[in-house]
Protein chains: 2
Amino acid sequence: MKSQGNAVRSAQMAPITVDEIAERIWLSIAERRLRPGMRLKEAELAEIFGVSRARIRQVLTALERDGLVKTEANKGAIVAEPSAEEARDIFHIRREVEQRVLARLIGHLDAEKLLDLFAHVAKERAANAANDQREIIKLSGGFHLMLAEMAGADFLWGMMRDLVSRTSLITAAFRDSDKYNCGPDEHEELLMHLKNGDLQKAQHAMVHHLEHVENELKLSGNPELARSLKDALL
Amino acid sequence: MKSQGNAVRSAQMAPITVDEIAERIWLSIAERRLRPGMRLKEAELAEIFGVSRARIRQVLTALERDGLVKTEANKGAIVAEPSAEEARDIFHIRREVEQRVLARLIGHLDAEKLLDLFAHVAKERAANAANDQREIIKLSGGFHLMLAEMAGADFLWGMMRDLVSRTSLITAAFRDSDKYNCGPDEHEELLMHLKNGDLQKAQHAMVHHLEHVENELKLSGNPELARSLKDALL
DNA sequence: AGAAGCGTTATTGTCGACAATAATGTCGAC
DNA sequence: GTCGACATTATTGTCGACAATAACGCTTCT
């Protein structure tokens with residue numbers, strides 16, 4: 001079929017932004033619709049999203065910064081293929097960063113922010129009830145990002161965006177079950193400790209939460225199981 | 001004066017790469033020739049380096065990723081203005097990442113790599129003796145990056161590149177003396193522990209080293225001293 | 001039949017020109 | 001004289017076209 005309208009997005013509507021495209025791709029990776037090793041051709045993406053290649057190039061640069069894709073000079077971009085070792089590094093560093101976020105947050109945390117956080121967890125719960133995978137993924141990452149944002153620490157926020165992205169990829173690559181496991185219960189428990197102003201317990205809950213997520217992955221044994229075409233075919 | 005040759009780099013020589021331009025700017029920032037808050041106009045940079053604006057745009061994107069510049073939509077890029085709090089966050093995270101690097105490195109470290117590391121420190125010593133600031137800066141960061149690279153951990157290496165860049169900026173912004181202080185002695189001490197295969201001592205030396213660097217900065221008291229015009233005039 | 005060299009095609013990299021936006025300066029009204 | 005609206009300028013954002021490079025298939029020789 002050679003098309004009648006060549007782009008998915010029709011003509012005169014407001015063009016999609018770089019961030020929106022990046023999020024769409026991120027979600028596709030997290031949902032395992034885009035698998036590690038898959039090729040991301042610029043022209044193809046440009047057509048799909050109805051934008052110029054220059055836009056797509058910015059998207060790919062951003063995705064590479066967040067560890068979701070890997071680009072090689074003159075060879076284009078593929079969905080990144082994290083190793084189990086790398087996954088452990090990421091979780092290790094993430095635990096440290098998240099603890100720092102909490103330490104910085106506990107200072108300037110007011111009633112309003114706490115309410116927003118609880119409201120966010122409520123949304124997570126709703127998404128879980130509705131079994132809306134895409135929303136679950138977005139909100140799970142969003143919770144951790146929200147903490148970093150409220151902490152008012154730009155550097156840590158940037159780190160967290162990176163780490164959340166990479167965690168999404170890792171989860172997509174190494175979980176075996178289909179249920180996404182950054183559940184609202186542990187988030188809420190964390191919030192209770194924050195509400196009480198107990199940094200130590202909050203940090204402990206955070207570490208436990210992240211270890212829980214990590215332990216549900218099959219990072220043991222085989223370093224990386226067949227995901228790309230070449231791996232699948234030997 | 002309206003010029004006779006409009007670019008600094010003459011015509012038919014091989015064009016400078018994005019990475020080279022980024023390094024030049026990084027060094028200028030680390031040497032305090034470019035101060036925090038200074039505006040980086042694309043056209044200006046394009047002229048200086050004799051490349052197109054598209055190239056410069058890539059450079060600025062990379063520099064932003066490493067925390068050296070901050071860009072605002074439709075308003076261009078300026079040299080980043082780190083706060084003292086941010087500086088402390090960065091050192092805190094850097095200590096954790098560096099320890100992880102060492103833990104990963106200690107496994108596959110052979111005689112050849114160790115020799116390369118000692119050779120690198122020797123170069124640092126030579127640069128210090130010659131008082132070559134630019135070389136000192138490059139080699140100091142390079143040592144830490146070298147450790148990450150030898151550890152074979154891509155993720156940690158990316159983190160370290162980011163952290164080293166940001167540390168350079170912080171050092172430029174907050175040190176009062178002119179002598180650069182990531183000295184070869186402490187690097188060599190670290191190597192001795194690595195040579196002995198003593199991870200604990202190596203990590204301890206690393207933490208001590210980084211704390212030493214941090215403590216030589218004036219991060220106390222005033223959150224950030226006047227650097228931009230608006231700060232200077234209140 | 002297999003492999004190496006070559007031409008073709010597909011894909012990424014680069015650039016210059018134009019559009020959109022924000023900053024600046026100017027004029028006029030009160 | 002000062003404030004506000006408007007025109008002008010400077011700067012960034014976007015795009016389409018072209019160049020460079022790498023992947024692929026084909027032919028040919030052994």
Side-chain angles (χ1 to χ4, degrees), chain A residues 2-3 5-22 24-25 34 37-65 68-80 228-231 233, chain B residues 1-3 5-22 24-25 34 37-65 68-80 228-230 233:
Chain A
K2 59 169 61 71
S3 83
N6 42 11
V8 169
R9 267 175 103 86
S10 73
Q12 72 264 18
M13 66 190 308
I16 192 170
T17 70
V18 169
D19 287 332
E20 286 168 340
I21 297 173
R24 289 271 292 271
I25 295 178
L34 282 176
M38 276 191 182
R39 185 96 185 270
L40 298 173
K41 292 187 241 190
E42 296 179 355
E44 196 176 342
L45 294 173
E47 170 110 5
I48 291 172
F49 292 107
V51 300
S52 72
R53 263 183 59 222
R55 266 304 213 333
I56 295 299
R57 209 159 239 275
Q58 291 180 60
V59 171
L60 292 176
T61 302
L63 290 174
E64 181 172 34
R65 171 175 46 104
L68 290 175
V69 311
K70 199 164 82 79
T71 67
E72 209 168 343
N74 291 319
K75 289 179 71 174
I78 60 169
V79 178
S228 67
L229 205 54
K230 69 174 179 352
D231 287 337
L233 306 178
Chain B
M1 55 213 68
K2 58 170 61 72
S3 83
N6 42 11
V8 168
R9 266 175 105 86
S10 74
Q12 72 263 20
M13 65 191 307
I16 191 170
T17 70
V18 168
D19 287 333
E20 287 167 340
I21 297 173
R24 288 273 291 272
I25 295 178
L34 282 175
M38 276 191 182
R39 186 100 185 268
L40 298 173
K41 290 187 240 188
E42 296 180 355
E44 198 176 341
L45 294 172
E47 171 109 5
I48 290 172
F49 292 106
V51 300
S52 73
R53 266 184 55 224
R55 266 307 213 330
I56 295 298
R57 209 159 240 275
Q58 290 180 63
V59 171
L60 292 175
T61 303
L63 291 173
E64 182 173 33
R65 172 177 45 115
L68 289 176
V69 311
K70 198 165 81 83
T71 67
E72 207 167 346
N74 292 318
K75 291 180 71 176
I78 61 171
V79 179
S228 65
L229 205 55
K230 68 172 178 359
L233 305 178

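Lettering follows sequence order; numbering is per chain, from 1.
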| said: The criterion is side-chain contact (heavy atoms from CB on, under 4.5 Å); which residues satisfy it with A:V18, sequence neighbours excluded? | reply: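 Listed in chain order: A:R55, A:Q58, A:V59.
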| task | Apply side-chain contact (heavy atoms from CB on, under 4.5 Å) to A:K41 and list each qualifying residue two or more places apart in sequence or on a separate chain. | result | A:R39, A:E44
Report yes if the side chains of [X] and [Y] come closer than 4.5 Å at any heavy-atom pair, otherwise no.
X: A:V69; Y: A:I78; result: no
X: A:L60; Y: A:E42; result: yes
X: A:F49; Y: A:R24; result: yes

| said: Counting primed atoms plus P, OP1 and OP2 as sugar-phosphate and everything else as base, spell out the protein contacts along nucleotides 11-16 of chain C at 4.0 Å heavy-atom distance: B, S or - for each nucleotide, 5' to 3'. | reply: SBBBB-
| said: Could you work out, with side-chain hydrogen bond (donor to acceptor under 3.5 Å, both in side chains) as the rule, every residue matching A:T71, not counting sequence neighbours? | reply: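 side-chain hydrogen bond (donor to acceptor under 3.5 Å, both in side chains) check on A:T71 returns A:E64.
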| field | From CD1 (B:I21) to CG (B:L45), nearest 0.5 Å | value |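 Spacing of CD1 (B:I21) from CG (B:L45) equals 8.5 Å.
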| message | Let me check the geometry of the helix from C:dA1-D:dT30 to C:dC30-D:dG1. What is the bend angle between the axes at its two ends, five pairs each, to 10°? | response | 10°
